[in-house]
Protein chains: 2
Amino acid sequence: MVTLAEVAQHAGVSASTVSYVLSGKRSISATTRQRVERSIRELGYHPNAGARALASSRSNVIALMVPLRTDMYVPVMMEIAIAVATTARTHGYDVLLLTGEEGPDAVRRVAGSGLADGMILMDVELDDERLPLLRESAQPAVLIGLPADTTGLTCVDLDFRATGALCVEHLAGLGHRDVAVIGEAPAVYERHTGFAERTLDGLRSAARETGLRLLHRPCEGGYDATAVTVARILDERPDTTGFVVQNEAAVEPLLALLRQQGRAVPEDVSVVAVCPEQVAVQASVRLTSVSLPAQEMGRHAVEQLVAKLDGRGGDEVVLLPPELTVRASSGPAPVR
Amino acid sequence: MVTLAEVAQHAGVSASTVSYVLSGKRSISATTRQRVERSIRELGYHPNAGARALASSRSNVIALMVPLRTDMYVPVMMEIAIAVATTARTHGYDVLLLTGEEGPDAVRRVAGSGLADGMILMDVELDDERLPLLRESAQPAVLIGLPADTTGLTCVDLDFRATGALCVEHLAGLGHRDVAVIGEAPAVYERHTGFAERTLDGLRSAARETGLRLLHRPCEGGYDATAVTVARILDERPDTTGFVVQNEAAVEPLLALLRQQGRAVPEDVSVVAVCPEQVAVQASVRLTSVSLPAQEMGRHAVEQLVAKLDGRGGDEVVLLPPELTVRASSGPAPVR
DNA sequence: CTCCCCCGTCGAAGCGCTTCGACTGTCTGG
DNA sequence: CCAGACAGTCGAAGCGCTTCGACGGGGGAG
C-alpha cells in the first residue's frame, strides 16, 4: 500500500505538495508537477479513499436507491442504474447501491455516516415515506419520479402527462374514435405511483380535446389476465380500434389475442405502447411507442446531483419530453 | 454531525470504551454498555465511515461489477445485483456498483484505494482480462460465471452443463427423437461466454447418451431473426418435435411462429426454455423451463466473499444444481 | 494470605489525507 | 528602488475512529 508520504519522498517534495498536485487547489510549477506525477506512476500510487473522506469530509460517492420490488420495468431500472454509474464516474464519483429494503433508515444511515455525499432515489411514490427525512436531513438528493409535493426537492422524470397526450393525439390524428388503455397492474394505481396517474391524466385530457372516447382498464399482465381485460374491453366498447398499452407484461399477450381473433394490426386495430424501446422493437409486431428514456434520466439525475454538490443549481423539476416513434403497429382507423 | 467523542462525554466514559461497545472486541460491563447505547440513541450517533475505514483499513464495502452491455439477461443481472445488495447488508456490508466500462482499471482502482474490501464480478468471460489483475493483486473476489481457468479463484454459477443435460433428458423421456436448440446470438458464442458453451456441452452429451438427434443454431432473437432460424431448422430437420430455447428474445417469437404454422404446443411440438422464471411464466404458453437462480447466485457470491474476508473458506467453485419445472409447453412426442 | 490473572476501562498513538497559515523568492507598478 | 502582490512550497494541525498497552481491582488458586 503506497501512501502519499512515500510519493512525496520519492519525488523529493512535501506531502502537501503532492496533495495539491492531485487536487489542483493551488498552483504548482510544471517541473514539480511532472516529478510528482512520475513518482505516482512509478510507485503505482492510489489515494486512500477513507483517509480522503475523513480529511475532506467528501466521500465522492453517490448513493443510488433502487426499489426492491422487481415487478415493474426491471430493464429500465437497470439501464438507469448503469447510466447513473457511468455518468457518475465521469464526474469522479462512485455509486453505492442501496435497495429499498432498508427504506427510510437507509437515508438516515447514509446521511449520518458520510458514506455518500448525496443520493438518487428511484421509484418515488406520490407520498414517499423517505421524503420527510430527506427534507429535514438536508441531504443533497435527486429523485427519479415525481412525488405529490416537490417543494424543496429536485426531480427528474419523463413527462408522463405529455406522454399520455401524445399517444391519444397520434391515434386521434389517424382517425381513431374509440381507444382503450390497458394500464399497469391495479396495485400500481393503488400504490399511487405518480407516473401511472399522470399518464392517465394526459390521456384523458387529450381525449377530451380531440373528442375521443377513452376506456381505461388496469391489467395485471400475463396471458390470462390480459385475455380477461381485453375481452371486457371489447365487450363494453366493440368499436374500439385503438389500444394504448402501458404495461410491458401485457404487450405480447395483447398482440397474440388480437391475432387470434383475426384482428389485423395495424389494419383493423392500432396499438401504441408506453414501454422501453427494447420491448417495442422486439415485440412480434414492431410497436409504435413512446419509450422511457432510461439513460437520459440516469444522466440527468447525476448531473443535477453533482451540480448541487458543487453548490451550483437549486431545486428543480426536470420533465423530459416524450418522443413517439411510429413503427408498424399503428395506422389509419378502418373505415366503417 | 455527532462524533464518538461526544457520545463518550455524554455517557461519561472514554472514547475507546464507546468504540469497544460498538465493535464488541473487548468485554464491557452491562451497565456501561447500556449507558453508552442510550447516549448513542439519544444523540442519534452514526459512526463516520471514512474514519472507520482509515483506522481499521476495512471499508465494509463490497464492489459489484456489472456488465455494461445490456443485450442479455438484464432482469437476471438486476435480480442478482439486488440479491447481492440485500445479502451484503445482512452481513454489514454495503455495495459499490461498478460498470464494466472501466474494465480492468476498476479492479486496480478499487484494490488500490481501499474503496472496497472485496469484489464480485458478474458476466465473467472464459478468458476474462480482469482475471490476471485479480490474481496478482490478491484482491478477495468472487466470480459469478465460470472462466476457463479457475485456479486460485472462487466462482459461483449455475451448472449449465447439467442444465443442458436436464433439458435433453426431459425431452428424451417424453419420447422426442429430434430436438433443435435455439441458442444465444452468435456474438455470445464468439465472445466465448462460458455458460453458452457449457450448456451446449451438456445438451450434446446427453443427446449422445439418449440417442437423440440434436441440431444447434445460434439466433439473434427478435421476430424476424427467429423466423429465419426456425425456418432453416424445420427445413433441415422436418421431424423436429422438441425445441430447447436459450435466448429470452427468441421465446415469444418462436411460440408465435409455431402457432402460425398450426403446430400446437405441446401436442405437436414441445418447448423447453432456459430462462428466468418470470419469462417462463409470463410467456403466451406457460413454459417448461430451467430457470436461472439469480437470487441464489447473488446470495452465494456474497456469502463466499464474506467468508473470505473473515479468513474462513478458500477458493472453491460452487455450481448450483439446475431445476427443471414442467409447465404447459412440453408433453409426449406425437406418435407418427 | 499472597500471587496471578482476567475483567473492564482509559489514554495515547496513529491511520493517510487535506488544508491553513507561513515562508521565500520573483515580478510589477509607482 | 521599494512596497506589495503573487506563485510555489512546506510544516503542522487535525478529520473521527481503532487498537495497543497499561492499570486498578476483584476473585480464584495455591
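Just so it is clear: chains get the letters A, B, ... in the order the sequence lines come, proteins before strands, and each one is counted from 1.
Residue-environment remark: CD (Glu277(A)) stays at or below the threshold of 12 foreign heavy atoms within 6.0 Å. A 6.0 Å sphere centred on CD of Gln9(A) holds no more than 12 heavy atoms belonging to other residues, nucleotides or ligands.
In this structure, Leu4(A) reaches the bases: a heavy-atom distance under 4.0 Å links it to at least one base atom across the strands shown. Backbone-only engagement by Ile28(B) is indicated by non-hydrogen atom pairs under 4.0 Å involving sugar-phosphate atoms exclusively. At a threshold of 4.0 angstrom between heavy atoms, the contacts of Ser19(B) include nucleobase atoms, whether or not backbone atoms are also involved. Among the heavy atoms of the strands, none lies under 4.0 Å from Ser23(A). Among the heavy atoms of the strands lying under 4.0 Å from Ser16(A) is at least one base atom, whether or not backbone atoms are also near.
Contact annotation: Ser27(B) reaches the phosphate of dG8(C) (side-chain N/O to OP1 or OP2, under 4.0 Å).
A side-chain donor-acceptor contact under 3.5 Å links His300(A) to the backbone of Glu296(A). Although no hydrogens or angles enter the test, the distance criterion places a donor-acceptor pair under 3.5 Å between the side chain of Asp117(B) and the main chain of Ser59(B). Between the side chain of Arg135(B) and the backbone N or O of Thr151(B), at least one donor-acceptor pair lies under 3.5 Å.
Closest heavy-atom contact between Pro67(A) and Ile82(B): O-CD1, 3.7 Å.
A residue-by-residue look at Ala51(B) and Arg26(B) shows that Arg26(B) has its nearest nucleotide of DNA chain C further toward the 5' end. Residues Thr3(B) and Thr32(A) both approach DNA chain D. Their nearest nucleotides, taken by heavy-atom distance, put Thr32(A) toward the 5′ side. Residue-to-nucleotide proximity on DNA chain C shows that, of Tyr20(B) and Thr17(A), the 5′-proximal contact is made by Tyr20(B).
When DNA chain D is scanned 5' to 3' for any atom under 4.0 Å from a heavy atom of chain B, the first and last hits are dG16(D) to dA22(D).
In terms of polar N and O atoms assigned as donor or acceptor, the side chain of Arg35(B) never comes within less than 3.5 Å of the base of dG8(C) in a complementary pairing.
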